[in-house]
*Asks:* 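Here you go, one structure.
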Number of protein chains: 2
Amino acid sequence: MLTVNGLSKAARITPDAVRHYMRIGLLVPSRDPKNGYRLFDDEALKRARFIRRAKGLGFTLQDIQTIFSYADNGRSPCPEVRAIIQQRIAENRASVTELGELLERMEDALERWKSMPDGEPDGDEICHLIESVPLGR
Amino acid sequence: MLTVNGLSKAARITPDAVRHYMRIGLLVPSRDPKNGYRLFDDEALKRARFIRRAKGLGFTLQDIQTIFSYADNGRSPCPEVRAIIQQRIAENRASVTELGELLERMEDALERWKSMPDGEPDGDEICHLIESVPLGR
DNA sequence: TAGAACCTGGGTGCCGCACACAGGCAAGGA
DNA sequence: TCCTTGCCTGTGTGCGGCACCCAGGTTCTA
């Protein structure tokens, strides 16, 4: 049986993460009657490692909740898992695209600014560099 | 003079965003003594539009605070602006890379899973699809 | 005169933790 | 025996950038 710190080391996550997972119900400890310490069994260790793996694949903690509730009710989570990851892949593609477009705007701006002098405060503009950039729709 | 809603329309942001910017001190309204309504002048409208532009370039609200405080003290924010955007560009590149790597892992996993059957609960594994994935370091 | 549409303040929720506080408990050495 | 060190406990707050909701007051329009 492991304490919070012990579990955090065995599963290679921070103690704060362990506490967080407890708070949201992903990990449920028992108690040492002697001192009230939380104790985690092998099942909890398995879960903690699973969480680490799943997070590394882009599953959210909510997703992992869902997966656990399937498993806890004796049903296979696999079909859901396939569906969820497709969803997350789509979201991820969208945000990569979006971030890439932002990055391009940023680089363009920096480049254009190279040939522009710094402005002096004139009570009319806040920063002419930024104000020289066209508004996105 | 514009109310919250009026400003939100003139600057093309949501009323909730206007309220948020007020809360964190980016926009400071005066008051209509008749009814206590918040009133925004042209200066505030200029600021609201500036916020929209700067956000579109990847500046955080904190960055914008900094820029405003330069301008408010009669100093040119331009050198800071150049420094900040370089910083944000670097961060953005890092997260694009990171997200891209995550996306790759996700796609690889989905692909491998195509040739794997759904598992049935056996009390040993939670989801063999996910557990078949190697741990990242 | 009624209803719609606006306004006010304040609070909560999202995501995944990180950090901090104040105090209790356990095990070692001087 | 006391002191130190290092674990543990519960609780609360902060991050970014809003979105949403509540309960109630005000203003405009038909």
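Quick note on labels: first sequence line is chain A, next is B, and so on, each numbered from 1. These values consider heavy atoms only, across backbone and side chains, with no hydrogens, waters or symmetry-generated copies. None of these values were measured; they are calculated from a predicted model.
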*Asks:* Can you identify which nucleotide, out of dA19(D), dC7(C), dT9(D), has its nearest atom closest to the Val4(A) side chain?
*Replies:* dT9(D)
*Asks:* Distance check needed: dC8(D) P versus Leu2(A) CG, whole Å only.
*Replies:*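 Those two atoms, CG and P, are 10 Å apart.
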*Asks:* Does a nitrogen or oxygen in the side chain of Arg19(B) sit under 4.0 Å from OP1 or OP2 of dA19(D)?
*Replies:*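 For Arg19(B), the contact criterion (side-chain N or O under 4.0 Å from OP1 or OP2 of dA19(D)) is not met.
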*Asks:* Quick one: the side chain of Arg23(B) and the base of dG11(C), do they pair up donor-acceptor inside 3.5 Å?
*Replies:* yes
*Asks:* Expressed in angstrom and rounded to an integer, what is the separation of Met1(B) atom CE from dC7(C) atom P?
*Replies:* 14 Å
*Asks:* Would you kindly give the CD1-to-C1' distance between Ile51(B) and dG17(D), to the nearest whole Å?
*Replies:* 12 Å
*Asks:* Expressed in angstrom and rounded to an integer, what is the separation of Leu39(A) atom CG from dC7(D) atom C1'?
*Replies:*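 After rounding, the reported distance stands at 13 Å.
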*Asks:* Whole angstrom is fine here: how far is it from CE in Met22(A) over to P in dC17(C)?
*Replies:* 14 Å
*Asks:* Is any side-chain N or O of Tyr37(A) closer than 4.0 Å to OP1 or OP2 of dG24(C)?
*Replies:* no
*Asks:* Is any side-chain nitrogen or oxygen of Tyr21(B) closer than 4.0 Å to OP1 or OP2 of dC18(D)?
*Replies:* yes
*Asks:* Would you give the length of the straight line joining atom CG of Leu129(B) to atom CH2 of Trp113(B), rounded to the nearest 0.5 angstrom?
*Replies:* 5.5 Å
*Asks:* Specify the residue among Lys34(B) and Leu61(B) whose closest nucleotide of DNA chain D lies further upstream toward the 5′ end.
*Replies:* Leu61(B)
*Asks:* CG of Leu26(B) versus P of dG17(D): gap in Å, rounded?
*Replies:* 10 Å
*Asks:* Shortest non-hydrogen contact from Gly36(B) to Arg31(B)?
*Replies:*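 In terms of heavy atoms, the two residues are closest at O-NH1, 2.8 Å.
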*Asks:* For a quick check of understanding: with a heavy-atom distance under 4.0 Å over all strands, which category does Asp16(B) fall into, base, sugar-phosphate or nothing?
*Replies:* base
*Asks:* Are more than 12 heavy atoms, taken from residues, nucleotides or ligands other than Asp122(B), located less than 6.0 Å from that residue's CG atom?
*Replies:* yes
*Asks:* Measuring to OP1 and OP2 of dT8(C), would you say a side-chain N or O of Arg38(B) lies under 4.0 angstrom away?
*Replies:* yes
*Asks:* Taking atom P of dG17(D) as reference, at what distance in whole Å does atom CG of Leu102(A) sit?
*Replies:*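 That distance rounds to 12 Å.
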*Asks:* Strictly below 4.0 Å: does Thr14(B) bring a side-chain N or O up to OP1 or OP2 of dA19(D)?
*Replies:*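 For dA19(D), OP1/OP2 do have a side-chain N/O of Thr14(B) under 4.0 Å.
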*Asks:* Is there a side-chain contact between Thr60(B) and the phosphate of dG16(D), meaning an N or O under 4.0 Å from OP1 or OP2?
*Replies:*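 The answer is no; no side-chain N or O of Thr60(B) sits under 4.0 Å from OP1 or OP2.
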*Asks:* Please state whether the phosphate of dC18(D), meaning OP1 or OP2, lies under 4.0 angstrom from any side-chain nitrogen or oxygen of Lys55(B).
*Replies:* yes
*Asks:* Nearest heavy-atom pair of Leu102(A) and Gly58(B): which atoms, and what distance?
*Replies:*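 It is CD1-N, 3.7 Å.
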*Asks:* Could you state the NE2-P distance from His20(A) to dC19(C), rounded to the nearest angstrom?
*Replies:*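 Checked: the NE2 to P distance equals 14 Å.
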*Asks:* Any salt bridge between Arg93(A) and Glu107(B), counting N to O under 4.0 Å?
*Replies:* yes
*Asks:* Go through dG16(D), dT9(D), dT26(D) for me and flag the one nearest to the Asn35(B) side chain.
*Replies:* dT26(D)
